[in-house]
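Values reported hereafter were calculated over all heavy atoms of this structure, with side chains retained and with hydrogens, waters and symmetry mates removed.
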Amino acid sequence: MLADYAVRVEQSRGRRYSEPKHPYRNNFERDRDRIIHARAFRRLQSKTQVFTRRYSDHFRSRLTHTIEVAQIARTIAAQLGLNVDLVEALALVHDIGHPPFGHSGEKVLDAAMRKHGLFFDHNLHALRIVEDFELRYAAFRGLNLTFEVREGIIKHSRDYGAAQYPQLEEYLLGQKPPLEAQLIDLADEIAYNTADLDDGYEAHLLALDKIRRGVPVFDKFYREAERAYPDALEKLKFNEAVKGMLNRFADDLIRHTRESIASAGVRSLEDVRCGAHRLVRFSPQVEQERLGAKQFLHENLYFSPALAPEKEDAEKVIGELFDFWMKRPQDLPGAYQEKAEQEPLARVVCDYIAGMTDTYIYEQYEKYVRL
Ligand code: MG
């Protein structure tokens with residue numbers, strides 16, 4: 001049952017190119033399926049989330065992270081009466097614009113672009129992927145996704161000002177995104193703030209004691225697990241604690257979002273869009289816990305010396321390949337050389353690199369730079 005403030009597929013603003021209706025899948029289901037069948041989606045399997053395969057091959061990749069976000073977001077959306085098909089499509093597409101080498105890749109690519117007076121932004125890149133780069137249909141370029149999915153790609157995690165981004169005007173930049181899109185950002189936070197503790201512990205980069213001292217909410221659930229299962233293996237108590245934390249965050253998000261919808265007097269999608277603030281949010285207490293966990297991961301994991309080789313690789317490989325193709329555009333694939341006739345070369349090189357998996361970009365580096 002959809003709540004009054006949910007997005008209704010029959011009221012969608014539709015696709016850029018009109019298409020015949022599908023006999024038994026609605027437009028948001030079809031968008032979800034188009035995303036799953038996209039090339040850029042498959043490439044997420046070989047893109048780093050936090051850890052490369054250097055440590056182990058059961059760490060999360062961008063693909064498995066994406067699936068975890070979809071799972072969490074679907075569960076919360078159903079409780080709030082939101083449109084689960086739209087939520088699932090948005091969760092599956094939310095990281096599709098990420099370059100190789102995780103967040104350091106994004107930073108390096110942005111720095112390379114800034115030298116040419118441009119910049120790299122993964123949400124804008126994701127929009128270009130689904131609008132232009134995916135070639136699957138004879139009738140049009142891109143995936144021809146509905147307005148609501150494209151809008152969510154742009155607006156789920158931040159606000160873009162109309163003055164700075166005139167090309168995004170159609171996405172109602174002055175309005176808040178629907179709750180389905182607002183939810184994605186926080187489901188993403190829940191997913192990685194718990195999963196990265198898990199992967200960091202498994203990688204032996206985060207010791208149990210350190211996590212217990214640095215993340216009180218984790219420690220609370222770990223103590224509960226110790227009381228309930230005194231003889232269990234440490235890793236199983238660890239899992240119980242991570243699970244407790246994840247459930248607490250998800251429960252709180254459901255409860256507090258319900259409250260914020262009620263206290264804002266929101267009754268329709270229009271009310272959501274015209275509201276002064278985003279309504280999907282944690283309680284102040286859990287928001288503090290989330291920020292605490294995030295800060296702990298920043299201080300102890302993302303910038304730890306153990307992960308420095310990944311960062312150095314990102315700088316070296318992306319930076320040097322970027323410069324190489326700027327100097328030798330004739331070594332780009334034909335389709336990209338053609339694009340460079342219409343767009344700045346730096347943009348074209350950036351698009352090419354951003355689409356690569358970690359594996360593929362290393363191959364390119366071997367081929368062109370480390371001759
Ligand atoms: Mg994500």
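The aromatic ring centroids of Tyr24 and His22 lie less than 6.0 Å from each other. Phe324 and Tyr365 have their aromatic ring centers separated by at least 6.0 angstrom.
At distances below 3.5 Å, at least one donor-acceptor pair connects side-chain atoms of Arg42 with backbone N or O atoms of His37. Without hydrogens or angle criteria, Gln337 side chain to Gln330 main chain gives a donor-acceptor distance under 3.5 Å. Formation of a donor-acceptor pair under 3.5 Å by the Asp85 side chain with backbone atoms of Phe28 is not found in this model. The backbone N or O of Ile153 lies less than 3.5 Å from a partner atom in the side chain of His156, making a donor-acceptor pair. Ser260 places a side-chain N or O within donor-acceptor distance of the main-chain N or O of Leu279, the cut-off being under 3.5 Å. In this structure a side-chain-to-backbone donor-acceptor pair under 3.5 Å is missing from Glu338 to Ala335. At distances below 3.5 Å, at least one donor-acceptor pair connects side-chain atoms of Glu180 with backbone N or O atoms of Val7. In this structure a side-chain-to-backbone donor-acceptor pair under 3.5 Å is present from Asp271 to Arg267. In terms of modelled atom types and a separation under 3.5 Å, the side chain of Glu151 and the main chain of Leu172 share no donor-acceptor contact.
Rounding to the nearest 0.5 angstrom, the gap separating the CG atom in Leu345 from the OH atom in Tyr336 is 13.0 Å. From Asn83, atom CG reaches atom CD of Glu148 across 9.5 Å, with rounding to the nearest 0.5 Å.
For Asn27 and Arg15, the side-chain atoms include at least one donor-acceptor pair closer than 3.5 Å. With 3.5 Å as the limit, one finds a donor-acceptor pair spanning the side chains of Tyr192 and Glu189. Defined by atom type and a distance below 3.5 Å, a donor-acceptor pair is present between the side-chain atoms of Tyr362 and Asp313. The closest side-chain donor-acceptor pair between His58 and Glu202 falls under 3.5 angstrom. Tyr201 and Lys235 share no donor-acceptor pair across their side chains, judged by distance under 3.5 Å alone.
Under 4.0 Å is where a charged nitrogen must lie from a carboxylate oxygen, and between Arg248 and Glu224 no such pair does. Salt bridge status for Arg370 with Glu320: absent, with no side-chain N to carboxylate O gap under 4.0 Å. Salt bridge absent: Arg290 and Asp252 never bring a charged side-chain N and a carboxylate O closer than 4.0 Å. Ion pairing between Asp323 and Lys327 fails under the 4.0 Å rule for side-chain N and carboxylate O.
Below 30°, between 30° and 60°, or above 60°: for Tyr165 and Tyr160 the angle between ring planes is above 60°, a perpendicular geometry.
Closest approach of Phe296 to Lys210, counting heavy atoms only: CE1-O, 3.5 Å.
Note on residues 86-104: pairs passing side chain to side chain donor-acceptor pair (under 3.5 Å), not counting sequence neighbours, are Arg32-Glu88, Arg62-Asp95, His65-His94, His65-Asp95, Arg74-Glu88, His94-Asp188, Asp95-His98, His98-His122.
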Original post:
Could you go step by step and tell me if Arg13 and Glu170 meet the salt bridge (Lys or Arg N to Asp or Glu O under 4.0 Å) rule?
Top reply: CA-CA 11 Å; Arg13 286 169 205 238; Glu170 67 178 299; over 6 Å; no
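The shortest distance between side-chain heavy atoms of Asp351 and His125 falls below 4.5 Å.
Taking a 6.0 Å sphere around CD of Gln167, one finds it holds more than 12 heavy atoms contributed by other residues, nucleotides or ligands.
Partners of Tyr360 according to the ring-ring contact (aromatic ring centres under 6.0 Å, His included) rule, which considers only residues two or more places apart in sequence or in another chain, do not exist here.
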